[in-house]
Amino acid sequence: MSEPVKLSIVYYSSTGTIAEIANTLVAEAEAAGAQVRLRKAPELAPDAAIDSNPAWRANLEATSSVPEVTADDVVWADAVIFGSPTRYGNIAAQLKQFIDSLGGEWQQGLLADKIYSGFTSSATQHGGQESTLLALYNTIHHFGGIIVSPGYTDGSKFVDGNPYGTSHVDAQGEIKVGDVTRTAAAVQAKRVVSVAKALKDGAA
Ligand SMILES: Cc1cc2nc3c(=O)[nH]c(=O)nc-3n(C[C@H](O)[C@H](O)[C@H](O)COP(=O)(O)O)c2cc1C
């Protein structure tokens, strides 16, 4: 019997949208047979900023039991799915700080030859979801990683409309994660696990 795919889902979330999508990805990836680690990037913002938004403090407390990511969570994994809210069309500094701490592992070639994928959310429909995912994917090229995006590989992708990765428009927290986004997460999780499994089994 072949080994299960080892998948790390590594995210940053201020107000809980990305954390919610991450939970769906975990459930779908486990249902697809993967062994999953859910990890969050450490918060870097000062308390004054966090307390300026009740949803930010609430999410920090609600996710206090999620372990903070370490380099081993990437090195261990056959596949990594990174998630970040859009920040001015780019990934959040908290996730970038973690990625920027991986120089030693990158230098040793420990980030290469893995499957990577990404998910995001934004306040507005044209607020930078695609640029955020493409910015994330720039880094994956430097890792020597293999990007597995959902594309239009499932009929549902013509409904959510984002071939670069799962994404959600939250209208500043007004629109909760619903069926369309959950279906996109399911498609992405299954595709990442199945491609990672093919690669892993082939290498074995
Ligand atoms: C500093 C900052 C920059 C943001 N930049 C954008 C942006 O460029 N476009 C956009 O649509 N939303 C932007 N947003 C909104 C968040 O990306 C959006 O609400 C996201 O869904 C929040 O995810 P979270 O609940 O996981 O933190 C920004 C929010 C903050 C705090």
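Along the sequence shown, residues are numbered consecutively beginning with 1. This structure is a prediction, so every number in the text was calculated from the model and none was measured. As the structure lists them, so they are numbered: ligands from 1, and atoms in each ligand from 1. Side-chain atoms are counted along with the backbone in the values below, which use heavy atoms only and exclude waters and symmetry mates.
- Protein residues with any heavy atom under 4.0 Å from ligand 1: Ser13, Ser14, Thr15, Gly16, Thr17, Ile18, Pro85, Thr86, Arg87, Tyr88, Gly89, Ser121, Ser122, Ala123, Thr124, Gly127, Asp170.
- In terms of the side chain to side chain contact (heavy atoms under 4.5 Å, CB included) criterion, residue partners of Thr183 (sequence neighbours excluded) are, by chain and number, Ser156.
- Side-chain atoms of Thr153 come within 3.5 Å of backbone atoms of Pro150 as a donor-acceptor pair (strictly under, hydrogens ignored).
- Grouping Ile, Leu, Val, Met, Phe, Trp and Tyr by side-chain contacts under 4.5 Å, direct or through others, puts Val180 with Val159.
- For the residue pair Thr120 and Gln129, no side-chain donor N or O sits within less than 3.5 Å of a side-chain acceptor on the partner.
- The closest side-chain donor-acceptor pair between Arg87 and Ser14 falls under 3.5 angstrom.
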Extract all donor-acceptor atom pairs below 3.5 Å that involve side chains of residues 69-78 and protein atoms in other chains or at least two apart in sequence.
{"from": "Thr70", "atom 1": "OG1", "to": "Asp72", "atom 2": "N", "distance (Å)": "3.4"}
{"from": "Thr70", "atom 1": "OG1", "to": "Asp73", "atom 2": "OD2", "distance (Å)": "3.4"}
{"from": "Asp72", "atom 1": "OD2", "to": "Arg37", "atom 2": "NH1", "distance (Å)": "3.0"}
{"from": "Asp73", "atom 1": "OD1", "to": "Arg37", "atom 2": "NH1", "distance (Å)": "2.7"}
{"from": "Asp73", "atom 1": "OD1", "to": "Arg39", "atom 2": "NE", "distance (Å)": "3.2"}
{"from": "Asp73", "atom 1": "OD2", "to": "Arg39", "atom 2": "NE", "distance (Å)": "3.3"}
{"from": "Asp73", "atom 1": "OD2", "to": "Thr70", "atom 2": "N", "distance (Å)": "2.9"}
{"from": "Asp78", "atom 1": "OD1", "to": "Lys200", "atom 2": "NZ", "distance (Å)": "3.4"}
{"from": "Asp78", "atom 1": "OD2", "to": "Lys6", "atom 2": "N", "distance (Å)": "2.8"}
{"from": "Asp78", "atom 1": "OD2", "to": "Lys200", "atom 2": "NZ", "distance (Å)": "2.8"}

